[in-house]
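In what follows, every heavy atom counts, from backbone to side chain, and hydrogens, waters and symmetry copies are set aside.
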Amino acid sequence: MAANSSNAGSKPSNAAGGKQSGVSPEQVVATFQKMRQEQRSLASKAAEMEMDINEHSLVIETLKDVDHSRKCYRLVGGVLVERTVKEVLPALETHKEQISKYIESLNTKMQSKGRELTEYRERYNIRLVGEGEEDAQNQSAAPSRDSEGGGPKSAAGVLVS
């Protein structure tokens with residue numbers, strides 16, 4: 001049981017066996033908060049990349065109307081480099097496409113993290129502060145599931161702010 005407890009403490013979402021096997025409510029809350037923070041950081045990064053795409057689009061639209069032999073400057077790795085519009089425009093378009101693909105992968109990761117969070121909430125019966133009566137009704141059904149499964153009720157109804 002001690003080996004299972006230490007394993008559950010390091011990664012409770014993958015604990016084999018059943019619900020809440022030796023995991024304290026504090027560990028459940030800490031893991032849930034960490035998962036929420038990871039999801040928020042993914043969303044923040046996606047928003048930042050969306051802003052980069054908008055900036056790239058603006059620059060691309062501006063450079064399309066400019067003479068292709070005209071000088072322009074591009075910031076590459078913290079160094080300002082002098083190029084022509086003809087050289088810079090394709091590079092910007094390629095970079096914009098790469099950012100779009102990266103945003104798609106971030107959105108996929110966010111969705112999978114959301115599913116993981118939902119499963120974790122259901123497994124440990126986690127309620128967030130401010131949830132409506134609907135969740136309170138779901139909670140009244142949850143203890144009967146715990147008692148049927150034989151799992152301890154130590155972390156049942158964990159409230160997270």
> Of the non-hydrogen atoms in R74 and A91, which two are nearest, and what is the gap between them?
Replying inline: NH1-CB, 3.4 Å
> Looking at E93, E61, H95, which hits side chain to side chain donor-acceptor pair (under 3.5 Å) with H56?
Replying inline: H95
>> If the threshold is 4.0 Å, N to carboxylate O, is there a salt bridge linking E116 and K113?
In response: yes
> Which pair of non-hydrogen atoms, one from R121 and one from F32, has the smallest distance, and what is that distance?
Replying inline: CG-CE1, 3.2 Å
> If you look at every heavy atom in L89 and I60, which pair is closest and at what distance?
Replying inline: CD1-O, 3.9 Å
>> Please tell me whether S57 and K96 have a donor and an acceptor in their side chains that are separated by less than 3.5 angstrom.
In response: yes
> Taking side chain as C-beta onward, heavy atoms only, is T31 less than 4.5 Å from V29?
Replying inline: no
> Say you draw a straight line from OH of Y102 to CG of N107; how long is it, rounded to the nearest 0.5 Å?
Replying inline: 11.0 Å
> What pair of heavy atoms forms the shortest contact from L92 to V59, and how long is it?
Replying inline: CD1-CG1, 3.5 Å
> Of the non-hydrogen atoms in V85 and L63, which two are nearest, and what is the gap between them?
Replying inline: CG1-O, 3.7 Å
>> I need the minimum non-hydrogen distance between S112 and K109, along with the two atoms involved.
In response: OG-O, 2.9 Å
>> To the nearest 0.5 Å, what is the distance between CD on E38 and CG on L117?
In response: 8.5 Å
